[in-house]
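Have a look at the structure below, then the notes.
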Amino acid sequence: MAALTENFVQFVEFVAPLFLTDPKGRFMAIDCIENISAYEGTEVTLRGWVYNKRSSGKLQFILLRDGTGIIQCVAFKGNFTAEQFDLLDKLTQESSVQVQGKVRKDSRAPGGYEMDVTGFQVFQLAEDYPITPKEHGTAFLMEHRHLWLRSSRQHAILKIRHEIIKACRDYFDERGFTLVDTPIFTPNACEGTTTLFATEYFDQKAYLTQSGQLYNEATAAAFGKVYCFGPTFRAEKSKTRRHLMEFWMVEPEVAYATLEDTMVLAEGLICFILERVLKRRRAELEVLEREVSILEKVVLPFPRITYDEAVGILRESGSEIQWGGDFGGGDETILSQKFDRPVMVHRYPAQVKAFYMQPDPERPNLALCVDVLASEGYGEIIGGGQRIHDYELLLQRLQAHQLPTEPFQWYLDLRKYGTVPHAGFGMGIERVVAWVCKLDHLRETIAFPRTLYRIYP
RNA sequence: UCCUCAGUAGCUCAAUGGUAGAGCAUCCGGCUGUUAACCGGAGGGUUGCAGGUUCGAGUCCUGCCUGAGGAGCCA
């Protein structure tokens, strides 16, 4: 440990300035692998980890990754002392190193550039890194999720996730929305439909939020157009590839908006996200071997079908669904495979939806709601609709759903003081990431997934 | 909560009821262009746990534990 600390001090002193001097006193830049092309023909210092290593007697090929890319660094024995070269030979997978060298264009290199190593510092020699370049089972990988994140596939997924989240924020910000985040601790089981995580709140009981929507309705009346973006918790004992106990949702809410407005907003968001990812994250999609031509076909407008029509399609396809029931996972898969872009299913029977859904004036047993089902069998990524704005009707629905009115006083107040029609939706980020990346399980879409029976690491 | 499948070396997997093995990883040696590098050698095991059947169990039976997939529920 003493040696490590000593090494660390040297390391920090050495790398602290943005520009280093090499042993001959020349200035040298520190940079990232993604900027490597700017250094062609000159020297640069890279800091990262050994991704893999091959050797050939007097040559060492070190694949260095730094979070922005991977580059092959080539070290020739003749350029080092025997001691130094032996140290290079001993480098192990995931050892942390700083490497200096001359950047050279090379058609043989995957990224197009290679580095001829002139100097290096080892920060730490990693011992027995558990994730080897061969295959592993999901249980083992999930147990080592903290390390699995370093592999190129997981890295690509999380880069795309980041891009999707940024796109969501840009989309709303550019359209006059205000980000107003809603609480994680809530005093009551909001919608009364799902099982929530209960926790202590000093001498009271609190629940982890299942949706920011009710609070969004309050902020929409204050700001007009709002969205919240945060984690959401469901204590459902769901054990499928489509569920996580903790997931992230972006939820816009717009005053004076109708169901139709919401559908336009939703399809616009999805197209905006896809355009952005296709533009900025092509390399990552390639790592995932995602067929981009399928994503490029997703353009406006999205097909809109009513619940009635959806039931008809499902029954023709052999589903057992009865009118009035909600779709099962299999039903969503069937529907989403019928279209080459996400399909918007609207006007479900009110009985299968939450209490706050505005009834369709033409058929009051239907709710003015919409679910967006992603294509390629991915199913629901968005759920939303128009909310009840009439005080008496809302009160009536609360009672019909056997919910207490007292905790909803503030919510009812919104219908007393300048109520307006309003609508919004929630989009599950992980499901969008899974669809865009074409993953078969939601657990790879978030750094540390919380699944039924797994809360480590 | 229910149904199905699986647990053998650090990892991924073999092994008719009859001497537990391979590839990768690790360690030692070789190679100036490797691309999941390759070649030679070495170490590495209470076959998930507890019982049972049998001359003999990784293999068959019972129970339990753990994991995976799916159902229901949900986004």
Side-chain angles (χ1 to χ4, degrees), chain A residues 51-63 70-79 85 89-90 92-94 104 106-111 114 116 125-144 147-148 151-153 191 193-196 209-213 231-251 325-333 352-354 369-374 378-384 425-435 440-443 445 451-454 456:
Chain A
Y51 193 70
N52 200 358
K53 191 184 62 117
R54 293 175 280 267
S55 69
S56 179
K58 293 178 177 137
L59 286 173
Q60 295 286 344
F61 300 95
I62 298 154
L63 284 174
I70 293 179
I71 189 169
Q72 178 161 275
C73 303
V74 186
F76 176 52
K77 194 170 186 173
N79 296 336
F85 197 73
D89 187 46
K90 293 244 170 8
T92 53
Q93 200 188 345
E94 291 305 318
R104 172 170 47 73
D106 195 315
S107 55
R108 292 170 294 189
E114 275 193 353
D116 288 319
L125 268 181
E127 275 181 49
D128 296 329
Y129 185 69
I131 302 178
T132 65
K134 293 280 178 181
E135 315 97 50
H136 300 279
T138 44
F140 176 80
L141 290 169
M142 286 310 304
E143 194 70 17
H144 297 86
L147 304 175
W148 189 20
S151 62
S152 56
R153 195 181 150 77
E191 303 182 15
T193 51
T194 59
T195 316
L196 304 188
T209 182
Q210 61 164 321
S211 164
Q213 187 218 306
T232 305
F233 308 88
R234 304 280 167 95
E236 304 287 343
K237 293 206 166 177
S238 301
K239 187 175 159 42
T240 80
R241 62 185 68 200
R242 289 177 163 161
H243 293 88
L244 295 173
M245 303 302 108
E246 178 182 315
F247 61 99
W248 286 67
M249 209 159 44
V250 59
E251 296 175 276
D326 207 347
F327 303 140
D331 294 327
E332 283 189 7
T333 304
V352 300
K353 291 291 175 181
C369 63
V370 60
D371 279 1
V372 181
L373 310 182
Y378 275 88
E380 185 173 353
I381 50 173
I382 283 180
F425 63 83
M427 185 176 80
I429 293 300
E430 286 76 14
R431 286 188 175 178
V432 174
V433 176
W435 170 55
D440 60 12
H441 204 297
L442 236 47
R443 66 184 157 214
T445 63
T451 56
L452 191 63
Y453 309 132
R454 181 183 290 284
Y456 177 92

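Chain A is the first sequence line, chain B the second, and so forth, proteins listed ahead of strands; every chain is numbered from 1.
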Side chains of [X] and [Y]: does their closest heavy-atom pair fall under 4.5 Å?
{"X": "R443(A)", "Y": "M142(A)", "result": "yes"}
{"X": "E430(A)", "Y": "W248(A)", "result": "yes"}
{"X": "R54(A)", "Y": "Q72(A)", "result": "yes"}
{"X": "I381(A)", "Y": "L373(A)", "result": "no"}

Can you tell me which nucleotide in G33(B), C73(B), C74(B) comes closest to the side chain of E236(A)?
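So the side chain of E236(A) is nearest to C73(B).
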Under the criterion side-chain contact (heavy atoms from CB on, under 4.5 Å), I'd like the reasoning laid out for W148(A) against I131(A): C-alpha separation, chi angles, the key distance, then a yes or no.
CA-CA 7 Å; W148(A) 189 20; I131(A) 302 178; 3.9 Å; yes
Check every strand shown and say whether [X] touches a base, only sugar-phosphate, or nothing at a heavy-atom separation below 4.0 Å.
{"X": "T92(A)", "answer": "nothing"}
{"X": "H144(A)", "answer": "nothing"}
{"X": "N52(A)", "answer": "sugar-phosphate"}
{"X": "Q72(A)", "answer": "base"}
{"X": "G428(A)", "answer": "nothing"}
{"X": "R104(A)", "answer": "base"}
{"X": "K239(A)", "answer": "base"}
{"X": "L63(A)", "answer": "nothing"}
{"X": "E246(A)", "answer": "nothing"}

With a 3.5 Å cut-off and just heavy-atom distances, do the side chain of E114(A) and the base of G33(B) make a donor-acceptor pair?
yes
Under 30°, 30 to 60°, or over 60°: which ring-plane class applies to F140(A) and H144(A), parallel, tilted or perpendicular?
tilted
Just by distance, no angles: are the side chains of S211(A) and E251(A) close enough, under 3.5 Å, to form a donor-acceptor pair?
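Yes.
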Atom [atom1] of [X] to atom [atom2] of [N]: distance rounded to whole Å?
{"X": "K77(A)", "N": "G33(B)", "atom1": "NZ", "atom2": "P", "answer": "14 Å"}
{"X": "I131(A)", "N": "U26(B)", "atom1": "CD1", "atom2": "P", "answer": "14 Å"}
{"X": "D89(A)", "N": "U26(B)", "atom1": "CG", "atom2": "P", "answer": "12 Å"}
{"X": "L442(A)", "N": "C74(B)", "atom1": "CG", "atom2": "C1'", "answer": "12 Å"}
{"X": "L452(A)", "N": "C74(B)", "atom1": "CG", "atom2": "P", "answer": "16 Å"}
{"X": "R234(A)", "N": "G72(B)", "atom1": "CZ", "atom2": "C1'", "answer": "16 Å"}

Between R443(A) and K53(A), which residue's closest nucleotide on RNA chain B lies nearer the 5′ terminus?
K53(A)
Taking the nucleotide of RNA chain B with the nearest heavy atom to each, does S55(A) or D440(A) sit closer to the 5' end?
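Its nearest nucleotide lies further toward 5', so the answer is S55(A).
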Sidechain N-carboxylate O distance under 4.0 Å for D89(A), K77(A):
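Not counted as a salt bridge, because no side-chain N and carboxylate O are separated by less than 4.0 Å.
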Decide side-chain contact (heavy atoms from CB on, under 4.5 Å) for L452(A) and M245(A); before the verdict, give the C-alpha distance in whole Å, the side-chain angles of both, and the deciding distance to 0.1 Å.
CA-CA 7 Å; L452(A) 191 63; M245(A) 303 302 108; 4.2 Å; yes
Using both pair distances under 3.5 Å as the test, note the stems of at least 3 consecutive Watson-Crick or G-U pairs that include RNA chain B.
B:1-7 with B:65-71, B:10-13 with B:21-24, B:26-30 with B:38-42, B:48-52 with B:60-64
Any N/O pairs under 3.5 Å between the protein and nucleotides 10-15 of chain B? List them or say none.
| unit_1 | atom_1 | unit_2 | atom_2 | d |
| --- | --- | --- | --- | --- |
| C11(B) | O2' | E135(A) | O | 3.3 |
| C11(B) | O2' | H136(A) | ND1 | 2.4 |
| U12(B) | OP1 | G137(A) | N | 3.1 |
| U12(B) | O4' | E135(A) | O | 3.4 |

So, for Y129(A) and L147(A), which heavy atoms are closest and what is the spacing to 0.1 Å?
OH-O, 3.1 Å
Between G56(B) and A20(B) - P atom distance, rounded Å:
16 Å
